[in-house]
Amino acid sequence: LCTGATHTALRDALELGYVGREACAIRRSGSVLCWWPLGDEPRVVDLGQPATHLYTGGFDACAALHDGSVKCWRHALRELPWAQASQAPI
């Protein structure tokens with residue numbers, strides 16, 4: 001399910017999850033990558049700061065961020081991110 005470029009980009013992945021048909025991972029740096037498993041090159045999800053945890057389910061994904069806030073995005077629209085960061089710590 002990974003192309004050569006995806007495999008190389010994910011050598012330092014800490015967490016993996018699936019959002020619809022798309023896969024996402026957090027790297028050691030805190031960056032989040034998402035890709036379509038059948039050949040799509042990984043793209044960085046612009047969350048504005050490093051992520052600490054990844055939560056996925058159905059067609060939605062959320063990342064807990066370094067400052068304790070959360071940002072979410074939706075697979076079907078491929079718009080990243082679609083929700084504003086929560087001000088409440090998780």
Side-chain angles (χ1 to χ4, degrees):
L1 293 176
C2 292
T3 65
T6 303
H7 184 268
T8 300
L10 296 178
R11 279 188 280 184
D12 64 348
L14 298 176
E15 294 182 28
L16 297 169
Y18 285 91
V19 185
R21 294 182 189 166
E22 193 167 52
C24 295
I26 293 180
R27 300 175 74 184
R28 287 187 202 280
S29 65
S31 64
V32 175
L33 299 175
C34 291
W35 69 97
W36 290 85
L38 298 177
D40 193 20
E41 292 296 319
R43 69 189 186 290
V44 175
V45 180
D46 183 9
L47 298 172
Q49 62 181 292
T52 57
H53 294 287
L54 182 65
Y55 306 94
T56 59
F59 290 96
D60 301 313
C62 294
L65 304 178
H66 187 266
D67 69 357
S69 63
V70 174
K71 283 193 179 180
C72 299
W73 62 96
R74 178 164 281 244
H75 156 77
L77 300 176
R78 292 187 68 137
E79 294 175 2
L80 306 172
W82 63 265
Q84 294 297 316
S86 165
Q87 297 303 312
I90 56 170

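Just the heavy atoms: all of them, side chains too, but no hydrogens, waters or symmetry mates, feed the values below. Not measured: the values here are computed from a predicted model. Sequence positions, counted from 1, serve as the residue numbers for this chain.
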>> If I take atom CD from residue Glu22 and atom CZ from residue Arg43, how far apart are they, to the nearest 0.5 angstrom?
In response: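 So the CD of Glu22 and the CZ of Arg43 are separated by 4.0 Å.
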
I need the minimum non-hydrogen distance between [X] and [Y], along with the two atoms involved.
| X | Y | answer |
| --- | --- | --- |
| Leu16 | Trp35 | CD2-CH2, 4.2 Å |
| Ala51 | Leu47 | CB-CD1, 4.2 Å |
| Leu54 | Ile26 | N-CD1, 3.4 Å |
| Thr56 | Gly17 | OG1-CA, 3.7 Å |
| Cys34 | Trp73 | SG-NE1, 3.9 Å |

>> Taking side-chain contact (heavy atoms from CB on, under 4.5 Å) as the definition, give me every residue that meets it alongside Leu14, ordered by chain and number, with sequence neighbours left out.
In response: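 With neighbours one apart ignored, the set is Arg28.
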
>> Before you tell me yes or no, could you show the steps for Val70 and Cys62 under side chain to side chain contact (heavy atoms under 4.5 Å, CB included), namely the whole-Å CA-CA distance, both residues' side-chain angles and the distance that decides it to 0.1 Å?
In response: CA-CA 7 Å; Val70 174; Cys62 294; 3.8 Å; yes

> Considering residues at least two apart in sequence or located in another chain, which fulfil the side chain to side chain donor-acceptor pair (under 3.5 Å) criterion with Ser31?
Replying inline: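 Result, side chain to side chain donor-acceptor pair (under 3.5 Å) vs Ser31: Ser29.
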
